[in-house]
Amino acid sequence: MQLALDSVGSIDFAYQPIVSTKTLVVHGFEALARTKATPFGSIIDLLEAMSDTKDLQRAESAILDNAIAKFARYEAAASTRLFCNLDSRLYEGECLSPDLMRDLLRPRSLPPGAICLEISERYQLRNWTNLIDLSKQLSACGMHTALDDFGTGMSGLHLLLRVEPNYVKIDQSFIFSIATNQRQQAVVSKLCGLAHSLGFQTVAEGVECEEDFRMVRDLGCDFAQGYHIARPTTELRKLTQNYTRCVAQITNGQMDEDVRLLLNKVSPMLTTDSLGKLEAFFDDNPDLPLAPAVDEAGMLVGVVYEDDFFSYRSSEFGRALMANKASAPRIGSFVRNCPIANATGSVEQILNSYVDTNSARGIMLADEGAYVGYLSNHALMRLALDRAVSIARDANPLTQLPGNRAISRKLADVTKTGAATSIAYFDFDHFKAFNDCYGFTMGDRALMMFADQIKDLARRTDIFAAHIGGDDFFLAVEAEPKEALQIIEDIRAKFGSDASSLYSPEDRERGGILALDRYGSERLFPMLSVSASVLHMPAGTNPCATSDLEERLNCGKKQAKRAPNGIAVVALSCC
Ligand SMILES: Nc1nc2c(ncn2[C@@H]2O[C@H](COP(=O)(O)OP(=O)(O)OP(=O)(O)O)[C@@H](O)[C@H]2O)c(=O)[nH]1
């Protein structure tokens, strides 16, 4: 036992950055113990040797103290965040407390918001109650919690519900090679959606290559950590605040203009502010049902609901506590998670985040975790209504599909987000002859037939369908090229077969219409079909002008008509 205790002092620490996926600016560092100078193979072996809870607590406090003490020497320590791992047995007993944490931080002049305790779901917890209470107490003091190794254990979703962490760190087994694995992509993407509904942020762990980095960014992970960004280092002088050199090109999104106009940028409360300040906030903002709460670094921590605070204030107990300034709780005690959307996301993404939650009181917008503003229910309704009106105005009168304004917006989104997407221009073949022979009403039926087919597909959230005009249609499929091409081939095959039902039996038998061509000679115009000019944009494609994309697709239209399979894949050489 003494050997183990002596070894604690010889543990060194390495620090690995956790960066914003959008800007590569550092959000925090994880402290990783290095046991080389001890007789123990790993920190886990050492802690096992001390598994008697009392010694475990002594050992863990000493380890934490050393991790914090070393990190405090880093010049930017106070303005960033240290993520620390603790043995999960400590969360079960009463060994860990906000007071202990404060005692560790105070001598190093670090604020409570500088620490984030990681709770691993690798180890099965027996006593949840202490953990839930503890996480509430920590958050009331402005400290943070993260669920670590998410996805590896049995209890992840339970922990997520009960602990209400600030971060979920997605285990590296979900991240490794994610760029080429659609099942991993589906899981991570849904988890990020959940994160924004429930009000926590996601960290992708174990990002080892550029492709995986771009993929986790496109799927909506807020932060990333891994060898591709930086290996852990024991040398503080090697830590920096910005790791932009790791990824070739990062594009910062801009807030949608409609969102910007409706956003309420009310000044947030600090979790450490007094309840008197909160009272003043609600007096000054009588229309707001909530107050946004941030930590010292301006990071959105959650919200305080007016009715929570008012019912506390009107209770005898609350009044008594508030009268005594020394013992009155701080704002942090009332903070609750709230739905958050990415401030630079599209209007659709923001509305979807809102719809996915049960929130009846609007949504917070954040950029890289930093508070940006609040969209009230009224603002969200306005946004949805304006969007619906603009879609209706732009829609094609015959097919009711979105028109060219929506297409331009889609193209701009595609080039901005960099998610793997294929876009296609469809153009009917031999439509003029069909129209001339069967008349415009039948021509309209053919157009409706095709429109219904692609509308059906566009019920999927990863497919967007639109009508350019006449016999030209547009499709954007968020998928890898192989899958997108299959969808396009299926559309062609189905339309070819459905359209034959529009012909008379004689024409069907003949394989088309006999009509005069532009030189006055009779010739056979084959049955209606549709050709497609396709452009694949792999994940992480650098942004390029939407006019370039349109030009490339137009070039492909003629090639597609000549291609035996009716499809021409055009190169993305412009970008
Ligand atoms: N019924 C109907 N016809 C339309 C509509 N809009 C355009 N058209 C007709 O669609 C035809 C389009 O001409 P083209 O693009 O040369 O038709 P095509 O025979 O398919 O020729 P390619 O595209 O070169 O294969 C013309 O006859 C237009 O009058 C519409 O809303 N309804």
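As the structure lists them, so they are numbered: ligands from 1, and atoms in each ligand from 1. Basis for what follows: all heavy atoms, side chains included, without hydrogens, waters or symmetry-related copies. In what follows, residues are counted from 1 in the order of the sequence shown. Being a predicted model, the structure only gives us computed values, none of them experimental.
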If you have a sec, work out which protein heavy atom is nearest [atom] and how many Å separate them, to one decimal?
{"atom": "atom 14 (P) of ligand 1", "answer": "Asp471 OD2, 4.3 Å"}
{"atom": "atom 2 (C) of ligand 1", "answer": "Asp444 OD1, 3.3 Å"}
{"atom": "atom 6 (N) of ligand 1", "answer": "Gly470 CA, 3.3 Å"}

Taking only Lys NZ, Arg NE, NH1 and NH2, and the carboxylate oxygens of Asp or Glu, determine whether [X] and [Y] approach each other closer than 4.0 Å.
{"X": "Asp307", "Y": "Arg361", "result": "yes"}
{"X": "Glu210", "Y": "Arg214", "result": "yes"}
{"X": "Glu211", "Y": "Arg217", "result": "no"}
{"X": "Arg260", "Y": "Glu257", "result": "yes"}
{"X": "Arg382", "Y": "Asp258", "result": "no"}

Query raised in the report: Which pairs with one or both residues in residues 518-539 pass salt bridge (Lys or Arg N to Asp or Glu O under 4.0 Å), sequence neighbours excluded?
Result: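 Output for this query is empty, none listed.
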Query raised in the report: Can the positive tip of Arg336 be found less than 6.0 Å from the middle of the six-membered ring of Tyr305, inside 45° of the ring normal?
Result: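 The answer is no; the distance or angle limit is not met.
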In terms of atom number and element, which parts of ligand 1 are under 4.0 angstrom from non-hydrogen atoms of [X]?
{"X": "Lys561", "answer": "22 (P), 23 (O), 24 (O), 25 (O)"}
{"X": "His430", "answer": "18 (P), 19 (O), 20 (O), 25 (O)"}
{"X": "Asp427", "answer": "23 (O)"}
{"X": "Gly443", "answer": "1 (N)"}
{"X": "Asp429", "answer": "20 (O), 25 (O)"}

Query raised in the report: Take atom CE in Met381; do more than 12 heavy atoms of anything else shown fall under 6.0 Å from it?
Result: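 No, not enclosed.
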Are any of the N/O atoms in [X] less than 3.5 Å from those in ligand 1?
{"X": "Phe428", "result": "yes"}
{"X": "Phe431", "result": "yes"}
{"X": "Phe440", "result": "yes"}

Query raised in the report: Does the side chain of Tyr354 pick up a donor-acceptor pair with the side chain of Asn377 at under 3.5 Å?
Result: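 Yes, a side-chain donor-acceptor pair sits under 3.5 Å.
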Looking only at heavy atoms, is any part of [X] under 4.0 Å from ligand 1, and if so is it the side chain, the backbone, or both, or is it neither?
{"X": "Met442", "value": "neither"}
{"X": "Leu447", "value": "side chain"}
{"X": "Thr441", "value": "neither"}
{"X": "Asn435", "value": "side chain"}

Query raised in the report: If you measure from atom 27 (O) of ligand 1 to every heavy atom of Lys432, Lys558, Arg445, His467, which option wins on shortest distance?
Result: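 Checking each option, the heavy atom nearest atom 27 (O) of ligand 1 is found in Lys432.
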Requested in this report: Answer yes if a protein heavy atom lies under 4.0 Å from atom 25 (O) of ligand 1, otherwise answer no.
Outcome: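 So far as the 4.0 Å threshold goes, atom 25 (O) of ligand 1 is in reach of a protein heavy atom.
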Query raised in the report: According to the side-chain hydrogen bond (donor to acceptor under 3.5 Å, both in side chains) rule, which pairs have a member within residues 423-437, sequence neighbours left out?
Result: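 Residue pairs passing side-chain hydrogen bond (donor to acceptor under 3.5 Å, both in side chains), neighbours aside: Asp427-Lys561, Asp429-Ser529, Asp429-Ser531, Asp429-Lys561, Lys432-Asp436.
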Report task. Using modelled atom types only, decide if a donor and an acceptor are shared between the side chain of Gln349 and the backbone of Ser346 within a distance under 3.5 Å. Result ->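 Indeed, once roles are kept as given, a pair shorter than 3.5 Å links the two residues.
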